[in-house]
Amino acid sequence: MRGSSPDASKEQGASMNPMLLTYVSLAAAIVLEVIGTTFLQQSQQFSRPLPTLLMALCYGAAFYLLSLALRTMPVGVAYAIWSGLGIVLISAVGFFVLGQRLDLPAICGIGLIIAGVLVVNLFSSSVGH
């Protein structure tokens, strides 16, 4: 059977939807950036070596993964998603993990950021659907 050889399965894996890989890379980059930002807070202005090192590793990996997403996604769109979701996620980490509070205008602004990310992803032809 032609389709059942090991080479055929490698070809199927290599031919995965490039936009799926783009979004997986971008999502992983965003998560690592948020983790890195959390370690930045914990580094206490780079005075604690371990959180500082972990922050640098997370940021390095995040930018590498962002660069992979930029292979198929315009930089403006990728950065809008990166920064928008990063803001939302780090605000959630600040609230749930670090005990930081947001006032109503901040919550409304974050809601608008979420709306903007949705508009870009659902309606923009630049994303590459």
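Reckoned from all heavy atoms, side chains included, excluding hydrogens, waters and symmetry mates.
- A pairwise comparison of heavy atoms in A80 and V117 identifies O-CG2, 4.1 Å as the closest pair.
- A distance of 12.0 Å separates CZ in R71 from CG in L66, rounded to the nearest 0.5 Å.
- Here the closest heavy-atom approach between residue S25 and residue A69 is recorded as CB-N, 4.2 Å.
- Both I107 and I114 are part of a single hydrophobic cluster, where members link through side-chain heavy atoms under 4.5 Å apart.
- For the atom pair CZ (F46) and CG (L53), the distance works out to 12.0 Å, reported to the nearest 0.5 Å.
- In this structure, S124 contributes its side chain and N121 its backbone to no donor-acceptor pair below 3.5 Å.
- F63 and V34 fall within the same hydrophobic cluster, where Ile, Leu, Val, Met, Phe, Trp and Tyr residues are linked whenever their side-chain heavy atoms come under 4.5 Å apart, directly or through other members.
- Nearest heavy-atom pair, P51 versus F39, reported as atom, atom and distance to 0.1 Å: O-CB, 3.5 Å.
- Shortest non-hydrogen contact noted between L70 and A78 is CD2-CB, 3.5 Å.
- Classification of the W82-Y79 ring pair by plane angle, with boundaries at 30° and 60°, yields parallel.
- Interatomic distance, SG of C108 versus CD1 of I113, reported as 11.5 Å (0.5 Å rounding).
- With rounding to the nearest 0.5 angstrom, the CG atom of L26 is 9.5 Å from the CG atom of L65.
- The closest side-chain donor-acceptor pair between E33 and T37 falls under 3.5 angstrom.
- Residues I81 and M73 form a side-chain contact, since some pair of their non-hydrogen atoms from C-beta on lies under 4.5 Å apart.
- Placement of Y23 and L89 within a single hydrophobic cluster is found when ILVMFWY residues are connected by side-chain heavy-atom separations under 4.5 Å, directly or transitively.
- Residues F123 and L118 share a single hydrophobic cluster, defined by chaining ILVMFWY side chains whose heavy atoms lie under 4.5 Å apart.
- There is a path of hydrophobic side-chain contacts, each under 4.5 Å, that joins V88 to L102.
- For the atom pair S43 OG and M55 CE, the distance stands at 6.0 Å (nearest 0.5 Å).
- The minimum heavy-atom distance between R48 and Q42, with the atom names listed, is NH1-O, 2.8 Å.
- Atom OH in Y59 sits 11.0 Å away from atom CD1 in I35 (nearest 0.5 Å).
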